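Please read the structure below before turning to the comments.
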Amino acid sequence: AFDQAIASAGQLPELDAQAQSLRDLLVKLNPTYQQALAYASSKEYLSDGGAKAREIDGPLVAGLEAADEATDAFQAALSAQTLKRDQARLAELKPGSVEFQKMKASLAVRALGENLWAAVDDKAALSAYRQSLDALATANTELGTLKPGPKAQPAWDPVCKRYKERVDSLIGIARELSVGLESGDEGAVHDKLEAFTKARN
């Protein structure tokens, strides 16, 4: 599937180099990885005293680390390209429409995630994180109060309603993370980071 995507028409220059690099590293890693899997599954280490493990350890770890770095580079490029696409889409949508508000909330979720990781790395970034949390809360409130007319009920559609409710849960976790980051409670932050990632996904 990766090969087909790389070879497909309508190429994305900002992604192609990272995609090709990741693909090549995975192909290079695969024989050693499969060898390690077979070695572990067959418990061959019980008969060779771990000799093969010591032999393949260096190439396996080096290959995994290289693939991990390439994965990060590809994901960063993919995220940047997707952000560019969605920002362009938002500019085309009618302000105040359900689609506009859903895209606005989606972009606010993305900004919150980026600012969260910055705040995890550096407490000085907490202010920007809180600002992005407020922006998401506003966007999500606006999403939940859309009306087709001044006297009408909110213009819910099932997908829109479900989206708002899930983002409400994400906002709750994000607020707990804000408290944990401020207090320096690493245990609470760790647990909530897992919850945040799951809720965001």
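Keep in mind that this is a model prediction, so the values were computed, not measured.
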Check ion pair E142-K104 (N to O, under 4.0 angstrom):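 Yes, charged N to carboxylate O under 4.0 Å.
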N-O pairing of K164 and D168 below 4.0 Å: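 Looking at K164 and D168, the cut-off is met.
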Could you tell me if [Y] and [X] have a donor-acceptor pair between their side chains, going purely by distance under 3.5 Å?
{"X": "Y163", "Y": "N140", "value": "no"}
{"X": "Q20", "Y": "D16", "value": "no"}
{"X": "E14", "Y": "Q81", "value": "no"}

For [X], side chain to side chain contact (heavy atoms under 4.5 Å, CB included) partners two or more places apart:
{"X": "Q75", "value": "T71, D72"}
{"X": "L46", "value": "K43"}
{"X": "L133", "value": "L112, I171, A174, R175"}
{"X": "E114", "value": "S79, R110"}

Among all residues two or more places apart in sequence or in another chain, which pass the salt bridge (Lys or Arg N to Asp or Glu O under 4.0 Å) test with [X]?
{"X": "R89", "result": "E92"}
{"X": "D3", "result": "R23"}
{"X": "E55", "result": "none"}
{"X": "E44", "result": "K52"}

Are [Y] and [X] connected into the same hydrophobic cluster when the rule is that any two of I, L, V, M, F, W, Y join if their side-chain heavy atoms are below 4.5 Å apart?
{"X": "L181", "Y": "L193", "answer": "yes"}
{"X": "L83", "Y": "M103", "answer": "yes"}
{"X": "I56", "Y": "L26", "answer": "no"}
{"X": "L22", "Y": "L29", "answer": "no"}
{"X": "F196", "Y": "L107", "answer": "no"}

Side-chain heavy atoms of D48 within contact of Y39, under 4.5 Å: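 Sidechains of Y39 and D48: in contact.
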Check: T82 side chain, L78 main-chain N or O, donor-acceptor pair, under 3.5 Å: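 Checking the backbone N and O of L78 against the side chain of T82, a donor-acceptor pair under 3.5 Å is found.
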Nearest heavy atoms of [X] and [Y], plus distance in Å:
{"X": "A199", "Y": "I173", "value": "CB-CD1, 3.9 Å"}
{"X": "L25", "Y": "A66", "value": "CD1-O, 3.6 Å"}
{"X": "A139", "Y": "A105", "value": "CB-CA, 4.0 Å"}
{"X": "V189", "Y": "G180", "value": "CG2-C, 3.5 Å"}

Residue pairs fulfilling ring-ring contact (aromatic ring centres under 6.0 Å, His included) with at least one residue in residues 67-97, sequence neighbours excluded: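 Checked against ring-ring contact (aromatic ring centres under 6.0 Å, His included) - neighbours excluded - the pairs reaching residues 67-97 are F2-F74.
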All pairs passing ring-ring contact (aromatic ring centres under 6.0 Å, His included) where residues 86-125 contributes a residue, at least two apart: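 ring-ring contact (aromatic ring centres under 6.0 Å, His included) check on residues 86-125 returns no pairs.
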Selection residues 186-201 - residue pairs positive for side-chain hydrogen bond (donor to acceptor under 3.5 Å, both in side chains), sequence neighbours left out: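 For residues 186-201, and leaving out neighbouring residues, the side-chain hydrogen bond (donor to acceptor under 3.5 Å, both in side chains) pairs sorted by first residue read E176-K192.
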Within residues 118-135 or reaching into it, pairs that qualify as side-chain hydrogen bond (donor to acceptor under 3.5 Å, both in side chains) - sequence neighbours excluded: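 Counting only pairs at least two positions apart or across chains, the side-chain hydrogen bond (donor to acceptor under 3.5 Å, both in side chains) contacts touching residues 118-135 are N115-S132, R130-S178, R130-E182.
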Criterion side chain to side chain contact (heavy atoms under 4.5 Å, CB included) on D86 and L90, from CA distance to verdict: CA-CA 6 Å; D86 289 349; L90 182 68; over 6 Å; no
side-chain hydrogen bond (donor to acceptor under 3.5 Å, both in side chains) evaluation trace for Q34 with N30: CA-CA 6 Å; Q34 295 300 328; N30 193 51; 3.1 Å; yes
